[in-house]
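Because the structure is predicted, anything quoted here is derived from the model rather than measured. Basis for what follows: all heavy atoms, side chains included, without hydrogens, waters or symmetry-related copies.
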Amino acid sequence: MTDSENQIKKMLLQATLIENLNYIKKKVPKLYAQFKEFKPSGTGVALDELGNINLLNNGNFAYDEDPKSLALKQVEKYLNHPVYSRYEIKHSPDEEIYFKQQALLKSIFNVRNSQTTGKIIRPTQEKRLDFICFLGGGLGFHIQELFKKKEVLNVLLFEPNPSIFYALMHCIELKPLIEQCISIGGAFSICVGGDENVVVNEVNLLLQKQGVFNVSLIHYFKHYDSPLITKSIDKIKELGYRWSTGWGFFEDEVIGLEHTLENLKLNFPVIKRPELVKNPLSKTPVFLVANGPSLDLAINFLKSHLEDIVVISCGTALKALLSNGIRPDIHVEMERSPRLEYSVLAVERDKNIDISFDDLNIVALNTVYTPILSRFKSTFLLTKINDAGGTFIKLSDKSEQFSYPSFTNPTVTNAGLAIATELGFKNIYLVGTDFGFISEDKHHAKDSIYYDNDYKYKEKASRLMQGQIEVRGNFRESVLTTFTFDSSKGNVECLLRSKPWVKAYNTSDGALIKNAEPKKISDIKLTSKIANKSEKVLTLLHHASSSENLSTKIVEKNIELTLVDTKYFLEQLLQITNRNFDSRESLATAFYLQNELMHKIATENETVFWLIQGSFKYFQSYIMASSYFYSNLENRMEFINACVDAFHKHIEDVYIDLTHVCSR
């Protein structure tokens with residue numbers, strides 16, 4: 001290649017850079033700010049000895065062959081052997097299915113499996129790739145090449161090295177790629193730099209923006225190997241499940257709203273904002289007791305220090321404590337299902353326990369089943385956010401006095417920790433908060449309901465307590481855990497990070513909890529006794545709660561408003577999919593429009609949003625994911641349209657349940 005030709009290439013590289021900078025200045029200003037005065041370090045674009053545009057890294061060319069030819073080979077290989085994740089549901093046995101939504105989703109699974117091979121042949125055969133993560137940008141030729149081969153809807157481009165991305169901006173034009181995605185309703189997100197958590201967070205943001213149903217199938221195109229890209233892939237495998245958990249669903253939210261309304265009618269007071277609460281016991285050591293297997297190691301310590309500490313029991317830890325003569329100062333519950341009553345009443349079924357509910361205070365999320373709460377000596381509610389019942393309380397809270405803490409789920413330990421911090425306690429010891437297990441045979445404390453001979457959910461509990469991943473241990477290298485426990489642990493870590501004034505100690509021989517100092521129970525030294533502890537705790541709970549603005553009149557007015565708005569928004573949402581679909585792509589467009597409307601609903605009526613959003617996410621994701629199993633497009637569309645019709649009927653059915661709840 002002549003010097004003149006090389007010079008022209010270099011000029012074109014510079015022109016492409018300028019064009020890209022001008023474009024991102026207008027369209028992606030945050031990215032432009034990162035690169036407007038950027039100086040590459042050790043890496044840059046250059047022409048190799050054959051005149052090919054190549055990546056020069058610390059004096060050596062990164063590509064052994066023409067990068068454009070390599071990109072073509074990579075794309076062909078990927079299209080023939082794609083790497084992807086897909087959304088799937090672990091269905092319960094028929095005898096354990098409690099909700100209509102569970103039954104309908106399982107019926108979709110059964111129909112799909114009866115009509116297909118039960119496998120996705122190759123999703124890159126699709127006309128369009130709806131979501132792809134490019135792990136490593138390199139010079140970008142593979143991205144450009146894939147766009148030539150396939151229509152692409154949503155893209156996340158992650159380039160760990162800013163200097164490499166700067167080189168990429170010399171080589172390919174971003175504008176046509178980004179505009180192509182936008183023109184068909186998609187998005188092109190670019191993330192440069194950061195650690196292995198970046199990809200997980202950025203995928204989540206893109207899903208929230210474009211519709212969580214895109215989790216149905218996500219492609220991963222790795223362009224090159226690097227330690228950070230390997231860590232990013234490992235992090236996706238570790239935490240990617242969180243993209244499709246914790247959605248809630250319409251039926252369950254109706255139950256939670258029903259319980260909230262009943263609890264408000266009984267005038268149970270609601271916990272106030274921390275700044276409105278003065279806690280004279282704030283520095284008292286609080287032992288938050290969950291039902292992990294390491295609770296067994298703490299029983300003797302708790303028994304001998306009952307006069308020195310405040311004990312908060314979480315869920316099924318109650319029976320384990322009472323069986324050993326330990327009466328908690330505050331008990332916590334969070335589950336909304338009436339089936340919770342069976343677990344709670346295990347205390348009364350045990351004839352060796354002589355402490356009754358009449359001796360106990362309970363603080364529960366607003367969604368908990370009313371007949372359970374009515375049994376306790378004193379009952380108080382904590383508002384659950386991201387919940388129809390919780391937002392209903394917020395709707396009535398004109399003086400803005402109630403607390404709306406984050407991170408109260410997915411397990412009762414989360415609710416217990418939120419309650420302890422909202423009440424103003426600053427020294428918290430975590431006991432039995434294992435969030436995992438050393439052995440699958442011992443997944444809870446030995447005196448809890450899980451090991452009762454007559455426990456009717458024993459088989460289900462054993463099935464659910466199968467280790468799904470390994471995580472770092474608190475006092476050992478690693479422990480087994482489940483996705484639910486791991487998610488719960490993550491929210492404990494987030495809560496503690498948001499409350500730097502709270503000092504937390506993790507005494508459990510389970511999973512390591514960030515922001516909680518590991519401390520063996522035997523190393524804790526306590527000396528100060530609490531005079532009149534029971535009286536002081538109850539006084540604190542009364543001072544920290546209120547029923548103001550929750551009168552029957554206000555509640556009934558807001559019930560009527562909620563019912564009217566739910567009907568109005570559901571009609572709009574279902575109208576979008578009230579048609580006969582002729583392609584998977586047209587279905588995705590309709591789901592995207594529903595997602596856009598759902599964002600609007602979230603700003604106009606939070607209660608309605610939290611009532612309905614979960615069911616739309618579940619069915620959109622599962623219908624879309626299941627459609628990939630059909631290679632015969634005619635059969636696929638017949639399946640899709642039948643599923644959409646069934647979903648419409650289901651939503652209309654649950655709305656009728658809501659009207660019955662609201663008319664009581």
**Message:** Check Glu634 with Arg636, please: is the shortest side-chain N to carboxylate O separation under 4.0 Å?
**Reply:** no
**Message:** Checking Asn291 against Thr316 for the side chain to side chain donor-acceptor pair (under 3.5 Å) test, could you report, in this order, the C-alpha distance in whole Å, the side-chain angles of both residues, the deciding distance, and whether it holds?
**Reply:** CA-CA 6 Å; Asn291 195 24; Thr316 54; 2.9 Å; yes
**Item:** Salt-bridge contact Lys394-Glu400 (side-chain N to carboxylate O under 4.0 Å)
**Value:** no
**Request:** Using atom types as modelled and distance alone, determine if a side-chain donor or acceptor of Thr367 lies under 3.5 Å from a backbone N or O of Arg336.
**Result:** no
**Contact check, side chains of Thr562 and Leu611, non-hydrogen atoms, under 4.5 Å** = yes
**Message:** Just to verify, what does Ala187 make a side-chain contact (heavy atoms from CB on, under 4.5 Å) with, not counting sequence neighbours?
**Reply:** Asn154, Leu206, Lys209, Gln210
**Prompt:** Would Tyr369 and Ser337 satisfy side chain to side chain donor-acceptor pair (under 3.5 Å), going step by step from the backbone distance to the final call?
**Reply:** CA-CA 7 Å; Tyr369 188 44; Ser337 171; over 6 Å; no
**Prompt:** For Thr411, which residues count as a side-chain hydrogen bond (donor to acceptor under 3.5 Å, both in side chains) partner, sequence neighbours excluded?
**Reply:** Asn414, Ser488
**Request:** Determine, stepwise, if the pair Phe250 / His650 fulfils ring-ring contact (aromatic ring centres under 6.0 Å, His included).
**Result:** CA-CA 10 Å; Phe250 198 0; His650 171 72; 7.8 Å; no
**Message:** Which residues pass the side-chain hydrogen bond (donor to acceptor under 3.5 Å, both in side chains) test with Asn201, not counting sequence neighbours?
**Reply:** none
**Complete:** On a heavy-atom basis, the closest approach of Val215 and Ser621 is CG1-OG, 3.9 Å
**Prompt:** Should Lys600 and Glu604 count as side-chain neighbours, where that means a heavy-atom distance under 4.5 Å?
**Reply:** yes
**Asked** Should Tyr87 and Trp247 be marked as a ring-ring contact (aromatic ring centres under 6.0 Å, His included) after you check the CA-CA gap, both sets of side-chain angles, and the distance that decides it?
**Response** CA-CA 14 Å; Tyr87 176 68; Trp247 289 343; 5.7 Å; yes
**Message:** Test your reading of the model: is there a side-chain donor-acceptor pair from Asp397 to the backbone of Gln401, 3.5 Å cut-off?
**Reply:** yes
**Test item: Ile184 and Thr589 side chains (from C-beta on) under 4.5 Å apart, heavy atoms** = no
**Donor-acceptor pair between Asn214 and Asp130 side chains, under 3.5 angstrom** = no
**Message:** With ring-ring contact (aromatic ring centres under 6.0 Å, His included) as the rule and sequence neighbours excluded, what pairs involving residues 91-121 come up?
**Reply:** His91-Phe109, His91-Tyr622, Phe99-Phe249
**Prompt:** Between CZ of Phe392 and CG of Leu264, what distance do you get to the nearest 0.5 Å?
**Reply:** 7.0 Å
**Request:** Please check if any side-chain donor atom of Asn558 sits under 3.5 Å from a side-chain acceptor atom of Ser396, or the reverse.
**Result:** yes
**Message:** Using every non-hydrogen atom in the two residues, find where Glu335 and Pro410 come nearest and quote the distance to one decimal.
**Reply:** OE2-O, 4.5 Å
**Message:** Between Lys567 and Asp565, does any side-chain N to carboxylate O distance fall below 4.0 Å?
**Reply:** no
**Message:** Does Lys265 have more than 12 heavy atoms from other residues, nucleotides or ligands lying within 6.0 Å of its NZ?
**Reply:** yes
**Item:** Note: Glu151-Lys127 ion pair, threshold 4.0 Å (strictly below)
**Value:** no
**Message:** Under the rule for side-chain contact (heavy atoms from CB on, under 4.5 Å), what residues qualify as partners of Asp94, not counting sequence neighbours?
**Reply:** Ile97, Lys106
**Request:** Report the residues that fulfil side-chain contact (heavy atoms from CB on, under 4.5 Å) with Ser551, sequence neighbours left out, ordered by chain and then residue number.
**Result:** Lys553, Ile554
**Message:** What verdict does the side chain to side chain donor-acceptor pair (under 3.5 Å) test give for Thr484 and Ser487, after you've listed the backbone C-alpha separation in whole Å, the side-chain angles of each residue and the deciding distance to 0.1 Å?
**Reply:** CA-CA 5 Å; Thr484 299; Ser487 178; over 6 Å; no
**Asked** Do other residues, nucleotides or ligands put more than 12 heavy atoms under 6.0 Å from the CD atom of Gln208?
**Response** yes
**Message:** Does either side chain, that of Ser399 or that of Asn549, offer a donor lying less than 3.5 Å from an acceptor on the other one?
**Reply:** yes
**Pairwise side-chain contact, Thr566 with Leu658, heavy-atom cut-off 4.5 Å (strictly under)** = yes
**Asked** Any side-chain heavy atom of Leu395 within less than 4.5 Å of one from Thr391?
**Response** no
**Message:** List the residues meeting side-chain hydrogen bond (donor to acceptor under 3.5 Å, both in side chains) with Asn491, not counting sequence neighbours, and say none if there are none.
**Reply:** none
**Prompt:** Does some side-chain heavy atom of Ile362 sit less than 4.5 Å from a side-chain heavy atom of Val332?
**Reply:** no
**Prompt:** Would you find a donor on one side and an acceptor on the other, under 3.5 Å apart, between the side chain of Asn366 and the backbone of Leu381?
**Reply:** no
**Prompt:** Would you say Pro269 and Ser547 make side-chain contact, with heavy atoms under 4.5 Å?
**Reply:** yes
**Request:** Please name the pair of heavy atoms, one in Thr383 and one in Pro405, separated by the smallest distance, quoted to 0.1 Å.
**Result:** O-CD, 3.7 Å
**Request:** Flag the pair Ser85 / Leu217 as yes when at least one side-chain heavy-atom distance between them is below 4.5 Å, and no otherwise.
**Result:** no
**Prompt:** Would you call Lys649 and Glu652 a salt bridge, using N to O less than 4.0 angstrom?
**Reply:** no
**Asked** Judged by modelled atom types alone, do Ser403 and Arg273 share a side-chain donor-acceptor pair under 3.5 Å?
**Response** no
**Message:** To check you understand the geometry: which heavy-atom pair defines the closest contact between Leu257 and Ala388, and what is its length?
**Reply:** CD1-O, 4.3 Å
**Cation-pi, Phe629 ring and Arg112 (6.0 angstrom, 45 degrees)** = yes
**Request:** Please identify each residue that fulfils ring-ring contact (aromatic ring centres under 6.0 Å, His included) with Tyr404, with sequence neighbours left out.
**Result:** none
**Asked** Who are the side-chain hydrogen bond (donor to acceptor under 3.5 Å, both in side chains) partners of Glu258, not counting sequence neighbours?
**Response** Arg664
**Asked** Run the side-chain contact (heavy atoms from CB on, under 4.5 Å) check on Val212 and Tyr618 step by step: do they pass?
**Response** CA-CA 9 Å; Val212 172; Tyr618 270 113; over 6 Å; no
**Complete:** Scanning both residues in full, the closest heavy-atom pair of Asp582 with Met637 reads C-CE, 3.6 Å
**Message:** Please determine whether side-chain contact (heavy atoms from CB on, under 4.5 Å) holds for the pair Leu563 and Glu560, giving the CA-CA distance in whole Å, both sets of side-chain angles, and the decisive distance to 0.1 Å.
**Reply:** CA-CA 5 Å; Leu563 199 57; Glu560 184 178 346; 5.9 Å; no
**Residue pair Ser627, Arg584: steps toward the side chain to side chain donor-acceptor pair (under 3.5 Å) verdict** = CA-CA 7 Å; Ser627 72; Arg584 187 187 61 78; 4.8 Å; no
**Request:** Write down the atom of Ala590, the atom of Thr577, and the distance for their closest heavy-atom approach.
**Result:** CB-CG2, 4.0 Å
**Item:** Aromatic ring proximity, centroids under 6.0 angstrom, Phe569 and Phe609
**Value:** no
**Asked** Can you name the residues that form a side-chain contact (heavy atoms from CB on, under 4.5 Å) with Leu266, not counting sequence neighbours?
**Response** Phe268, Thr370, Ser374
**Request:** For residues 572-608, pull every pair meeting ring-ring contact (aromatic ring centres under 6.0 Å, His included), keeping only residues two or more places apart or in separate chains.
**Result:** Phe213-Phe591
**Message:** Run the ring-ring contact (aromatic ring centres under 6.0 Å, His included) test against Phe639 and tell me which residues pass, sequence neighbours left out.
**Reply:** Tyr630
